[in-house]
Enquirer: 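Okay, handing you the structure first.
Counting starts at 1 for both ligands and their atoms, in listed order.
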Amino acid sequence: MVNLKGRDFLKLLDFTSEEIEYLLELAADLKAKKKAGIPHRMHEGKNVALIFEKTSTRTRCSFEVGANDLGMGSTYLAEGSQIGKKESIADTARVLSGMFDGIEYRGYGQELVEELAKYASVPVWNGLTNEFHPTQILADFLTIKEQFGHLKGINFVYMGDARYNMGNSLMVGCAKMGINFTACAPKKYFPDHDLVDTCKAIAKENGCEIKFSENPTEAVKDANVIYTDVWVSMGEPMEVWKERIDDLMPYQVNQKLMDAAADDVVFMHCLPAYHDHKTKVGKEIGERFGCDALEVTDEVFESERSIVFREAENRMHTIKAVMAATL
Ligand code: CP
Ligand code: NVA
C-alpha cells in the first residue's frame, strides 16, 4: 500500500514506479470527482504557500484551484517577498513551516528547492526548476493514459532542447513507467551523461529503452507521442535565440514530421508554445529571425492530433493529487 504522507515532491527520481502510478490513479479519481461535482475537501482548514521566482499560468492556477478544491487556503509569494533577497532559502523554509502545511517552489537551480525541503518541516513541491519539472510529467502521463489506455510500451519522442527541465524529467518519467523514450536533437542538446546512465539503468528494469537521434524522420517512425518545448527557457538570455533557431529549426514539429509517425500519433507540449506571432515574444522573435513558427507549427498545434489543452487541464488534477497525497 503506497503512503506518501509527509513526503516532498522534488523530482521523479525520488519516487518508485508504483508511487508514480498511485499519484496518476489518485489524479484520475479526483478528476472524476470534480467532473461529477462530488466535493473532496479532504484537507479542510490547511494552508499552502506558493513561491514563484519565475512566471507561471498553469502551475500557479493548478496549485490555487487544487488547494481550494481540497478545502485549503493558498498564499502566492513572488515579487515583493523577501525570499532570496533579504532572506535566505533556509530561513524562509523555517518561517513558512510555522504558518503553512505545504510549500510549492518555482525557481532556478534544483539545489534551491532541495535546500528549501531540507530546512522545511512540511512537504515541499517542485513547481519547476532549471533541471526538473516533475508535476508537468504527471499531467503528461495522465493525458497519455487517457489517450492510449496505458503507458507501458508507448513510443515517446521528445524533439528539441533535451538538456533542460522538460527533456530531463520526461526521460526520467519514461524510464520509470516503461515508456520508450527518444530525444531527437543535435548532440549538444542531449541530456547530461550521468542522468542518461541512471535512466538507462532504470529503463532496463522496466523493460523500455532510452535512445538518442539526430535524424527527425527516423526518430519519429512508430512514435505514438511527439512532444516539444520552447527552445529558450525562462531565465535564459535573449541572445541565445539565434543559435537555438539555427540549431533546432530542422527539429521543428510540423505536419511532415507528424505524417512520418504512427497513425495514432498525438502532439503534446507543456505550454506556453510559440506556434504563431500572436504573443509579444513570439512576434518579436518571429520578425527578428524571419520564421513563421518556432518549435511547432500552427497547423500541428491546432490540429485534431494536438492534445495540449487536455494536457494543460490535467496539470490541475495531478497537482491536486500531489498535495492530497503528501499532506
Ligand atoms: N507548463 C507550465 O509549467 O506552465 P506555466 O509556466 O504557465 O506554469
Ligand atoms: N522549459 C520551459 C518549460 C516551461 C513550462 C521553461 O523552463 O521555461
Enquirer: Check Tyr251, Phe181, Phe267, Phe156 against Tyr227 for a ring pair (Phe, Tyr, Trp, His ring centres under 6.0 Å) and give me the one that passes.
Expert: Phe156
Enquirer: Is Leu128 touching ligand 1 with its side chain, its backbone, both, or neither, if touching means heavy atoms under 4.0 Å apart?
Expert: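 The answer is neither; Leu128 stays 4.0 Å or more away.
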Enquirer: With sequence neighbours excluded, give me every side-chain hydrogen bond (donor to acceptor under 3.5 Å, both in side chains) pair touching residues 106-115.
Expert: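 Listed by first then second residue: Lys11-Glu114, Thr59-Arg106, Gln110-Glu114, Gln110-Asn126, Gln110-Thr129.
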Enquirer: Taking atom CD as the centre, does Glu18 end up with more than 12 heavy-atom neighbours from other residues, nucleotides or ligands that are less than 6.0 angstrom away?
Expert: no
Enquirer: Considering non-hydrogen atoms of the protein only, which is the closest contact for atom 4 (O) of ligand 1, and what is the distance?
Expert: Arg58 NE, 2.8 Å
Enquirer: Have a look at Arg106, Arg60, Glu311, His133 and point out the one with the heavy atom closest to atom 6 (O) of ligand 1.
Expert: Arg106
Enquirer: So which protein heavy atom does atom 2 (C) of ligand 1 come closest to, and at what separation?
Expert: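 That would be Arg315 NH1, 3.2 Å.
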Enquirer: Would you call Lys31 and Glu25 a salt bridge, using N to O less than 4.0 angstrom?
Expert: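 No, this pair does not count.
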Enquirer: If the cut-off is 4.0 Å to any non-hydrogen atom of Leu271, which atoms of ligand 1 fall inside it?
Expert: 1 (N), 2 (C), 4 (O)
Enquirer: Give a yes or no on whether Tyr119 atom OH has more than 12 heavy-atom contacts from other residues, nucleotides or ligands under 6.0 Å away.
Expert: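 Result for OH/Tyr119: open.
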Enquirer: By number and element, which atoms of ligand 1 are closer than 4.0 Å to a non-hydrogen atom of Thr57?
Expert: 5 (P), 7 (O), 8 (O)
Enquirer: Are Asp276 and Lys283 within salt-bridge range, i.e. N to O under 4.0 Å?
Expert: no
Enquirer: Using a 4.0 Å heavy-atom threshold (strictly under), name the region of Gln136 that reaches ligand 1: side chain, backbone, both or neither.
Expert: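 Under 4.0 Å from ligand 1, Gln136 contributes side-chain atoms alone.
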Enquirer: Look at Lys145 together with Glu21 and state whether they make a salt bridge at an N to O cut-off of under 4.0 Å.
Expert: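 Between Glu21 and Lys145 there is a salt bridge, with a charged N closer than 4.0 Å to a carboxylate O.
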Enquirer: List the residues meeting salt bridge (charged side-chain N to carboxylate O under 4.0 Å, His left out) with Glu236, not counting sequence neighbours, and say none if there are none.
Expert: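 Arg244.
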Enquirer: With sequence neighbours excluded, what pairs up with Asp91 under the side chain to side chain contact (heavy atoms under 4.5 Å, CB included) test?
Expert: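 Once residues adjacent in sequence are excluded, the partners of Asp91 under the side chain to side chain contact (heavy atoms under 4.5 Å, CB included) criterion are Glu87, Ser88, Arg94.
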Enquirer: Go ahead and list the nitrogen or oxygen contacts between ligand 2 and the protein that come in under 3.5 Å, distances to 0.1 Å, or just say none.
Expert:
{"residue": "ligand 2", "atom": "1 (N)", "partner": "Asn165", "partner atom": "OD1", "Å": "2.9"}
{"residue": "ligand 2", "atom": "1 (N)", "partner": "Asp229", "partner atom": "OD2", "Å": "2.6"}
{"residue": "ligand 2", "atom": "1 (N)", "partner": "Ser233", "partner atom": "OG", "Å": "2.7"}
{"residue": "ligand 2", "atom": "7 (O)", "partner": "Asn165", "partner atom": "ND2", "Å": "2.8"}
{"residue": "ligand 2", "atom": "8 (O)", "partner": "Met234", "partner atom": "N", "Å": "2.8"}

